[in-house]
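Worksheet for the structure shown next.
Quick note: residue numbers are just sequence positions, from 1.
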Amino acid sequence: MPLSTRTTRVIALASAAVILAIALALRAAFDGPVEQHSGTALYASMVYAGGYVLWPRLSPWRRAR
């Protein structure tokens, strides 16, 4: 059963918040390449999750562009 638009937005918003918290915790705990590479990946993931909040019915391929 597909999720409703509202449910998708709530899950995406919660995911973006968790990703941001992880990125900030890694930034505070580590210094150097771990912080740099993981931060880039986590912030990119947060932006992708934000796409779900704004456009939940858009296909994943279109949202990634």
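Taking Ile, Leu, Val, Met, Phe, Trp and Tyr as hydrophobic and joining them when side-chain heavy atoms fall under 4.5 Å apart, one finds Leu13 in a cluster with Val53.
Every residue two or more places apart in sequence or in another chain that forms a side-chain contact (heavy atoms from CB on, under 4.5 Å) with Leu42 is listed here: Ile19, Ile22, Ala23, Leu26. Here Thr40 pairs with nothing under the side chain to side chain donor-acceptor pair (under 3.5 Å) rule; sequence neighbours left out.
Pairs engaging residues 47-56 under the salt bridge (Lys or Arg N to Asp or Glu O under 4.0 Å) rule: none recorded [sequence neighbours left out]. Listed by first and then second residue, the side-chain hydrogen bond (donor to acceptor under 3.5 Å, both in side chains) pairs that reach into residues 18-30 are Arg27-Glu35, sequence neighbours excluded. Within the structure, no pair that satisfies the salt bridge (Lys or Arg N to Asp or Glu O under 4.0 Å) test touches residues 2-25, not counting sequence neighbours.
Following chains of ILVMFWY side-chain contacts shorter than 4.5 Å, one cannot reach Leu20 starting from Val10, and the two form parts of different hydrophobic clusters.
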